[in-house]
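The structure appears below as structure tokens.
Nothing here was measured: the structure is a model prediction, and the numbers come from that model. Both backbone and side-chain heavy atoms feed into the values below; hydrogens, waters and symmetry mates do not. Every chain is numbered from 1, with letters handed out A, B, ... down the list of sequences.
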Amino acid sequence: SAVISQKPSRDICQRGTSLTIQCQVDSQVTMMFWYRQQPGQSLTLIATANQGSEATYESGFVIDKFPISRPNLTFSTLTVSNMSPEDSSIYLCSVYRGSSGNTIYFGEGSWLTVV
Amino acid sequence: AQSVTQLDSQVPVFEEAPVELRCNYSSSVSVYLFWYVQYPNQGLQLLLKYLSGSTLVESINGFEAEFNKSQTSFHLRKPSVHISDTAEYFCAVSEGNTPLVFGKGTRLSVIA
């Protein structure tokens with residue numbers, strides 16, 4: 001199994017500020033994804049983090065609001081910019097590791113509350 | 001494009017009764033199917049998965065799911081539920097190197 005470390009695990013943020021979430025994996029992975037889970041909702045894919053190039057965003061998510069970096073095969077960051085209360089969510093990092101049969105692993109999540 | 005439908009948003013059931021949480025998917029290619037569980041105020045945990053081989057897969061805590069290709073379903077079952085099974089259950093599908101697509105979730109409430 002992959003070990004995924006996300007930081008911060010929880011935070012309370014002021015409206016209008018930005019926060020960067022880090023995702024560190026214990027070994028190189030080919031694909032990394034960022035999801036959002038709003039309160040009482042399911043998980044929605046924000047983007048695929050591509051190593052060495054721009055992230056691929058899903059419909060409804062834009063780079064200006066959710067800039068993503070992936071400088072190498074074990075690390076990625078997601079920034080939530082100019083936060084509003086609607087951004088209060090759990091943000092999850094996920095990685096794909098094909099060695100164990102197309103299994104996808106999730107971090108513990110970063111629980112953000114915007115006040 | 002792949003999609004997942006969880007037909008029941010909430011399922012109340014008495015303790016020790018059986019339960020089935022329904023999941024149907026839409027995809028034009030071979031898929032991998034997953035069930036995740038999220039206990040109150042906790043993160044996501046993988047419950048079980050179907051990748052290939054036997055269509056019946058089991059978890060360590062008594063849940064099982066059966067992949068039915070003709071009905072494009074992957075329903076989750078447990079013959080006797082416990083209070084501790086109260087949680088949100090998410091069905092998800094992947095086409096291999098694609099990210100998981102999740103259903104909207106089913107809240108299982110076990111009543112004493």
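One hydrophobic cluster holds both B:Val57 and B:Val37 under the rule that ILVMFWY side chains link at heavy-atom gaps under 4.5 Å. Under the 4.5 Å side-chain heavy-atom criterion for ILVMFWY residues, a single connected hydrophobic cluster contains both B:Val11 and B:Tyr89. Under the 4.5 Å side-chain heavy-atom criterion for ILVMFWY residues, a single connected hydrophobic cluster contains both B:Val101 and B:Val31. Note on B:Tyr36 and B:Leu48: separate hydrophobic clusters, where clusters join Ile, Leu, Val, Met, Phe, Trp and Tyr whose side-chain heavy atoms are under 4.5 Å apart, directly or indirectly. Residues B:Ile83 and B:Ile111 do not share a hydrophobic cluster, defined by chaining ILVMFWY side chains whose heavy atoms lie under 4.5 Å apart.
B:Arg107 CZ: 12 or fewer foreign heavy atoms inside a 6.0 Å radius. Sparse packing is recorded around NZ of B:Lys104, with 12 or fewer heavy atoms of other residues, nucleotides or ligands lying under 6.0 Å away.
Looking at A:Ile104 and B:Lys49, their side chains never come closer than 4.5 Å, going by heavy atoms from C-beta outward. Counting heavy atoms from C-beta outward, A:Leu43 and B:Leu44 have side chains that approach closer than 4.5 Å. Counting heavy atoms from C-beta outward, B:Phe102 and A:Gln37 have side chains that stay 4.5 Å or more apart. The closest side-chain heavy-atom distance from B:Ser94 to A:Tyr96 is not below 4.5 Å.
Side-chain N/O atoms of B:Gln42 and A:Glu108 include no donor and acceptor closer than 3.5 Å.
With a 4.5 Å cut-off on non-hydrogen atoms, B:Thr98 touches chain A through its backbone but not through its side chain.
Of all heavy-atom pairs between B:Asn41 and A:Arg10, the closest is O-NH2, 4.0 Å. Minimum interatomic distance between B:Leu100 and A:Phe106 (heavy atoms only, all atoms of both residues): CD1-CE1, 3.8 Å.
A donor-acceptor distance shorter than 3.5 angstrom exists from the side chain of A:Ser42 to the backbone of B:Gly103, with no hydrogens or angles considered.
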